[in-house]
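Have a look at the structure below before the remarks.
The structure displayed is predicted, hence computed values, not measured ones.
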Amino acid sequence: YQRRVREAVVSTQSTGRKKTNIVDATEIKNVSKNFVRGEGPDLKSIQDKKLKRELIVREKHNAQAIRAAAFNQLLLPEERGCLEAEEGERTLKFKQTEIVKQVDVGSARKHFSLSLPHHGPYRAAYSRNGRKLLIGGAKGHVATFDWQTGQLGCEFHVKETIKDIAWLHNRDYIAVAQKKYAYIYDGQGTELHRLKNHTNPVHLEYLPYHWLLVSSGATGFLKYHDVSIGKLIVELKTRLGQPHSMTHNPWNAIVHLGHSNGTVTMWSPSMKEPLVKMLCHHGPVTALAVDNAGRHMVTCGLDKQMKVWDVRTYKESLSYYSHRPGSNLSISQTGLVALAFGGQVQVWKDAFKTKQKAPYMTHLVEGATIEGLDFANFEDVLGLGHSKGFTSLLIPGAGEANYDALELNPFESKRQKQENEVKMLLNKIQPELITLDHGSIHRMKEEEDQKPLDSLDHKELILKFKMKGKNSAKRRFHRREKHIHDEKRQKVRAALEKVKNEKEGIPEEPRTMLDRFKYKEA
């Protein structure tokens with residue numbers, strides 16, 4: 001990857017003996033400063049040769065990563081947009097109608113509303129590449145479509161209560177949490193699977209790199225289902241009742257659950273107990289969200305607070321107050337935080353860095369209650385699912401301006417989708433590798449209880465040379481037979497010795513004065 005970037009950026013032109021670079025070295029150096037994270041270690045003061053060699057190699061890898069990131073930024077000149085208010089104005093006062101008038105025709109089409117008052121309230125979820133939209137009404141209505149072109153994918157009615165919805169590995173498969181079980185449907189709306197192990201599901205999450213569908217419900221169990229093989233991996237008992245909210249960390253695939261006692265627990269399928277248990281609010285945790293970098297977690301509770309937590313230290317960073325308890329949270333690719341309460345939604349900018357005095361943007365859906373929030377990847381769009389239907393809002397600066405077509409391609413063809421599905425299946429990560437610090441997987445575990453050689457006994461230092469086939473079935477049989485024959489030999493020898501002693505008149509045991517009181521057999 002670095003070689004391709006270097007060939008694309010630092011293309012040279014031969015002019016005699018000299019070579020001139022299109023990208024200036026000073027420009028690369030200035031861009032690299034944005035990716036430096038602290039100063040490196042002082043290698044001259046380190047006396048341990050092994051440690052010094054490891055640090056040199058690590059610093060070399062860091063320098064290569066910084067240089068590759070700088071080249072990558074020069075290759076991707078597109079920048080994200082934002083709202084800039086003039087002197088005396090505030091961006092939160094800008095309305096959607098005013099923004100639509102100022103943008104181009106293609107961006108203006110991205111703002112629309114769907115009036116569906118009979119089957120709401122609705123939940124909304126965008127696909128990972130931001131191209132498809134999935135909506136599900138609480139009264140059983142489900143639909144998928146390309147929200148940019150308006151092309152309908154499928155539409156059907158399950159005639160049951162719908163609790164939650166989720167996309168699976170591509171746009172052809174969706175998961176729906178219904179009244180009694182969780183179901184999987186294809187792109188045509190055909191029921192493929194009924195997951196009977198997922199009883200009374202309330203929340204659904206999908207881990208794309210592990211092919212795991214995670215559900216939590218009224219039974220208080222957290223269940224992991226591998227959709228690639230159709231097998232239930234594990235059931236974890238939370239012992240805290242039905243979770244009020246659920247999300248997952250995109251960085252390490254740890255599932256976060258918000259409970260009624262104000263705690264947030266973090267779970268891995270390889271552990272029966274929660275990895276972390278945090279007290280976040282003085283009441284039920286109503287909403288959860290984690291940013292893409294996996295560093296910050298945002299929570300909302302019935303105490304009318306929105307708190308920002310540092311996942312690395314498990315400490316509270318910032319806190320905000322709202323007029324009503326928040327019901328939904330969502331974080332965009334660029335770090336914008338959307339908070340919904342009642343029929344109002346607030347979007348906060350730079351909420352992780354410093355304490356903000358006012359939100360970045362606001363919007364009110366009159367006479368409706370918002371039930372679902374989701375940002376579209378690579379688009380400046382926020383989707384709202386509410387009791388009256390669905391609304392798409394324009395939020396400048398919400399989406400990432402540049403995308404990696406090998407990872408997520410918004411314009412992928414049918415052939416590319418099939419190839420991507422095969423690659424994801426080949427690169428599938430096992431559930432046992434889900435840990436808080438996934439960087440520790442490639443490091444060897446050092447034994448802390450190693451003893452020095454001087455403290456060991458001489459017996460512990462004796463080397464044992466085991467013979468090949470010593471524990472074979474034949475040898476085990478002969479050892480067992482030998483043991484039986486040895487017992488028989490001992491009995492025969494004891495009987496012969498007793499007869500010999502009787503002939504010679506030797507008493508079996510030395511006689512004492514108390515022997516006359518012994519019982520004599522007739």
Can a donor-acceptor pair be found between the side chains of [X] and [Y] at a distance below 3.5 Å?
| X | Y | result |
| --- | --- | --- |
| Ser127 | Asn129 | yes |
| His259 | Thr265 | yes |
| His203 | Asp164 | no |

Any side-chain heavy atom of [X] sitting closer than 4.5 Å to one from [Y]?
| X | Y | result |
| --- | --- | --- |
| Thr263 | Met278 | no |
| Asn402 | Phe378 | no |
| Val234 | Lys223 | no |
| Met246 | Val255 | yes |

When every non-hydrogen atom of Ala182 is compared with those of Pro201, the smallest separation belongs to N-CG, 3.9 Å
(Q) Please evaluate residues His248 and Val290 with respect to the criterion side chain to side chain contact (heavy atoms under 4.5 Å, CB included), reporting the C-alpha separation (whole Å), side-chain torsions for both, the decisive distance (0.1 Å), and the verdict. (A) CA-CA 7 Å; His248 79 279; Val290 183; over 6 Å; no
[X] atom [atom1], over 12 foreign heavy atoms within 6.0 Å:
| X | atom1 | answer |
| --- | --- | --- |
| Gln47 | CD | no |
| Lys110 | NZ | yes |
| Phe35 | CZ | yes |
| Arg128 | CZ | yes |

Contacts of Trp309 meeting ring-ring contact (aromatic ring centres under 6.0 Å, His included) (sequence neighbours excluded), chain-then-number -> none
Residues passing the ring-ring contact (aromatic ring centres under 6.0 Å, His included) test with Trp147, sequence neighbours excluded, are Tyr126
Apply side-chain contact (heavy atoms from CB on, under 4.5 Å) to [X] and list each qualifying residue two or more places apart in sequence or on a separate chain.
| X | answer |
| --- | --- |
| Ala289 | Leu329, Ile331 |
| Ile56 | Leu43, Lys52 |
| His386 | Val365, Ala368, Ile370, Leu384, Lys388, Thr391 |

Per side chain to side chain contact (heavy atoms under 4.5 Å, CB included), Met361 is matched among Leu382, Leu393, Leu83 by Leu83
Paired with Thr299, the side chain to side chain contact (heavy atoms under 4.5 Å, CB included) test is passed by just one of Thr247, Thr286, Leu288, namely Leu288
For residues 91-105, the salt bridge (Lys or Arg N to Asp or Glu O under 4.0 Å) pairs (sequence neighbours left out) are none
Quick note, salt bridge (Lys or Arg N to Asp or Glu O under 4.0 Å) partners involving residues 273-293, not counting sequence neighbours, are Arg239-Glu273
- Query: Is a donor on one side and an acceptor on the other found under 3.5 Å between the side chain of Glu407 and the backbone of Asp404?
  - Reply: no
Are Arg415 and Glu419 close enough for a salt bridge, meaning some N to O gap below 4.0 Å? yes
Test: Arg123 and Asp374 ion pair at under 4.0 Å: no
Check your understanding: side chain to side chain contact (heavy atoms under 4.5 Å, CB included) between Lys417 and Asp172: does it pass, once the steps are laid out?
Key -> CA-CA 10 Å; Lys417 179 181 71 66; Asp172 292 335; 2.9 Å; yes
What do the steps show when you test His198 against Ser215 for side-chain hydrogen bond (donor to acceptor under 3.5 Å, both in side chains), and what is the final call?
-> CA-CA 7 Å; His198 300 256; Ser215 72; 2.5 Å; yes
Output a table of donor-acceptor pairs, distance under 3.5 Å, between side-chain atoms of residues 340-358 and any protein atom two or more places apart or on a different chain; print 'none' if there are none.
{"residue": "Gln346", "atom": "OE1", "partner": "Trp348", "partner atom": "NE1", "Å": "3.3"}
{"residue": "Thr354", "atom": "OG1", "partner": "Gln356", "partner atom": "NE2", "Å": "3.1"}
{"residue": "Lys355", "atom": "NZ", "partner": "Ser319", "partner atom": "O", "Å": "3.1"}
{"residue": "Gln356", "atom": "NE2", "partner": "Asp350", "partner atom": "O", "Å": "3.0"}
{"residue": "Gln356", "atom": "NE2", "partner": "Thr354", "partner atom": "O", "Å": "3.3"}

With sequence neighbours excluded, what pairs up with [X] under the side chain to side chain donor-acceptor pair (under 3.5 Å) test?
| X | answer |
| --- | --- |
| Arg312 | Asp310 |
| Ser322 | none |
| Trp167 | none |
| Arg171 | none |

